[in-house]
Amino acid sequence: MASSTMAESVDDFAPIEEPTSRRGGVYLVKHPLVEHHVTRMRRKQTRPSEFRDLVRRLAALMAYEATQDLPTRPYRVETPLTHADGVQVHGRIGLVPILRAGLGMVDPVLDLLPMAEVWHLGLYRDEATAQPVRYYDKLPPNRPVDVALVLDPMLATGGSATAALMTLRQWGVPQMKVLSQKEPQEGVANVAAQFPEAQIYVCQIDPELNAQKFIVPGLGDAGDRIFNTVEAHEA
Ligand code: PRP
């Protein structure tokens, strides 16, 4: 996790190091704002309009953290007075939202990564079997992106994330990152065990899944809460 300290003088700043690629594994994004927003998301009374805002804010905070090891290349620019040496992000970045709920994370992440491509994957979890069902996949057969950010506000069993990562591995994506705001221990462990090369960014880990494979205490179904379809499903 990034941290910063106040420098006494310019000489105190640490030299800038080349970012090194992070290893695969589970990364907990720990920050007071993250915890505040997750708590609001959990609230049963939180209406869809606020829920959508919370998903967006968390997505931006997570994307900031998850992109710390993006490769860069030197880039010299002309300023109004002279020249300056800077960098630009190098390589193709793909955002892979898992429909539906992942759509709620796309815009804030695209705001940070306007050069990214967006590749949608349609997966829903069968309520009877808790297995992922694929219904949309238009990934091209070749030219995989260099880095893929899988976006889904929640994992439960991890089945949907596993299906998404399997698809990306088959596509040939060298670096895979999952951004998921709420997940149980079991789901994270399942995904991490099957994809040790992937970085899995989480905001909070809940202790368990209940008999119906819902996260407890959880936050309900993120897709239904984002798209205001909770009551339609419960009717
Ligand atoms: C939810 C969630 C994940 C999946 C997690 O989607 O957004 O995609 O379930 O469950 P799993 O880890 O056990 O696979 P859902 O199936 O409700 O579809 P939706 O996004 O269309 O609501």
Side-chain angles (χ1 to χ4, degrees), residues 26 37-38 41-42 44 46-49 51-59 62-63 66 94-109 118-139 148-169 176-195 198-235:
V26 180
H37 295 327
V38 170
M41 283 175 87
R42 284 189 189 280
K44 187 178 176 182
T46 297
R47 302 299 305 159
S49 57
F51 194 89
R52 284 192 289 273
D53 281 343
L54 294 165
V55 169
R56 282 195 284 262
R57 285 177 209 149
L58 284 169
M62 297 188 84
L95 310 186
V96 185
I98 300 181
L99 307 179
R100 287 175 304 168
L103 289 176
M105 299 172 68
V106 172
D107 284 348
V109 182
V118 183
W119 295 99
H120 300 84
L121 282 182
L123 292 163
Y124 72 89
R125 194 175 82 156
D126 184 290
E127 286 183 10
T129 64
Q131 293 299 309
V133 179
R134 185 187 303 263
Y135 62 92
Y136 187 80
D137 174 358
K138 293 273 278 186
L139 295 187
L149 275 63
V150 176
L151 307 178
D152 194 332
M154 56 187 274
L155 313 181
T157 63
S160 302
T162 295
L165 290 173
M166 194 65 79
T167 301
L168 295 177
R169 192 190 258 170
M176 304 188 293
K177 299 166 183 271
V178 178
L179 277 62
S180 185
Q181 299 163 356
K182 172 56 58 194
E183 47 287 301
Q185 184 78 40
E186 181 184 328
V188 174
N190 283 343
V191 178
Q194 292 181 75
F195 299 91
Q199 297 169 12
I200 304 166
Y201 291 87
V202 301
C203 288
Q204 260 183 9
I205 296 180
D206 277 11
E208 59 180 337
L209 290 171
N210 68 12
Q212 289 79 42
K213 303 290 184 192
F214 292 134
I215 311 171
V216 181
L219 46 73
D221 184 272
D224 278 339
R225 296 191 70 181
I226 290 170
F227 294 109
N228 198 13
T229 52
V230 178
E231 279 154 23
H233 275 181
E234 286 177 352

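All heavy atoms count here, side chains included; hydrogens, waters and symmetry mates do not. Remember, it's 1-based here, ligands and their atoms both numbered in the order they're listed.
Between the side chain of Asp126 and the backbone N or O of Pro132, no donor-acceptor pair lies under 3.5 Å. The backbone N or O of Val150 sits nowhere less than 3.5 Å from a side-chain atom of Lys177 that would complete a donor-acceptor pair. Remark: side-chain polar atoms of Ser180 are paired, donor with acceptor, to backbone N or O of Asp152 under 3.5 angstrom.
For atom 14 (O) of ligand 1, the closest heavy atom belonging to the protein is Ser160 OG, 2.6 Å. From the protein, the heavy atom lying nearest to atom 5 (C) of ligand 1 is Ala156 N, 3.7 Å. The nearest heavy-atom contact from the protein to atom 10 (O) of ligand 1 is Arg125 CD, 3.4 Å. If you check which protein heavy atom lies closest to atom 22 (O) of ligand 1, you get Arg100 NH2, 2.9 Å. Nearest protein neighbour of atom 17 (O) of ligand 1, counting heavy atoms only, is Asp221 OD2, 2.7 Å.
The distance criterion of under 3.5 Å between nitrogen or oxygen atoms is met by Ala101 with respect to ligand 1. Residue contacts with ligand 1: Pro153 is placed with no nitrogen or oxygen under 3.5 Å of a nitrogen or oxygen of the ligand (distance criterion only).
Residues satisfying the side chain to side chain contact (heavy atoms under 4.5 Å, CB included) test with Ala222, not counting sequence neighbours, are Phe51, Ala101, Pro153, Met154, Leu219. Under the side chain to side chain donor-acceptor pair (under 3.5 Å) criterion, Arg52 pairs with no residue, sequence neighbours left out.
Closest to atom 11 (P) of ligand 1 by heavy atom, among Thr157, Leu209, Leu151, is Thr157. Taking all heavy atoms of Phe214, Tyr124, Phe227 into account, the minimum distance to atom 18 (O) of ligand 1 is reached by Tyr124. Closest heavy-atom approach to atom 8 (O) of ligand 1 among the candidates Asp126, Leu121, Asn190, Asp152: Asp152.
Of all the atoms in ligand 1, the ones that sit under 4.0 Å from a non-hydrogen atom of Met154 are 2 (C), 3 (C), 5 (C), 7 (O). Counting the atoms of ligand 1 from 1 in the order shown, those under 4.0 Å from a heavy atom of Gly223 are 22 (O). Close contacts of ligand 1 with Leu155, meaning ligand atoms under 4.0 Å from a residue heavy atom, involve 12 (O). Every atom of ligand 1 is numbered from 1 in the order shown, and the set under 4.0 Å from a heavy atom of Gly159 is 11 (P), 12 (O), 14 (O).
A salt bridge does not link Asp107 with Arg56: none of the charged nitrogens is closer than 4.0 Å to a carboxylate oxygen.
The shortest distance between side-chain heavy atoms of Val133 and Leu123 does not fall below 4.5 Å.
The closest approach between a heavy atom of Gly158 and any atom of ligand 1 is below 4.0 Å.
Aromatic ring orientation, Tyr135 versus Tyr124: tilted (interplanar angle from 30° to 60°).
A side-chain donor from one of Thr229 and Arg100 sits under 3.5 Å from a side-chain acceptor of the other. Using a 3.5 Å distance cut-off with no hydrogens or angles, the side chains of Arg42 and Gln204 do pair a donor with an acceptor.
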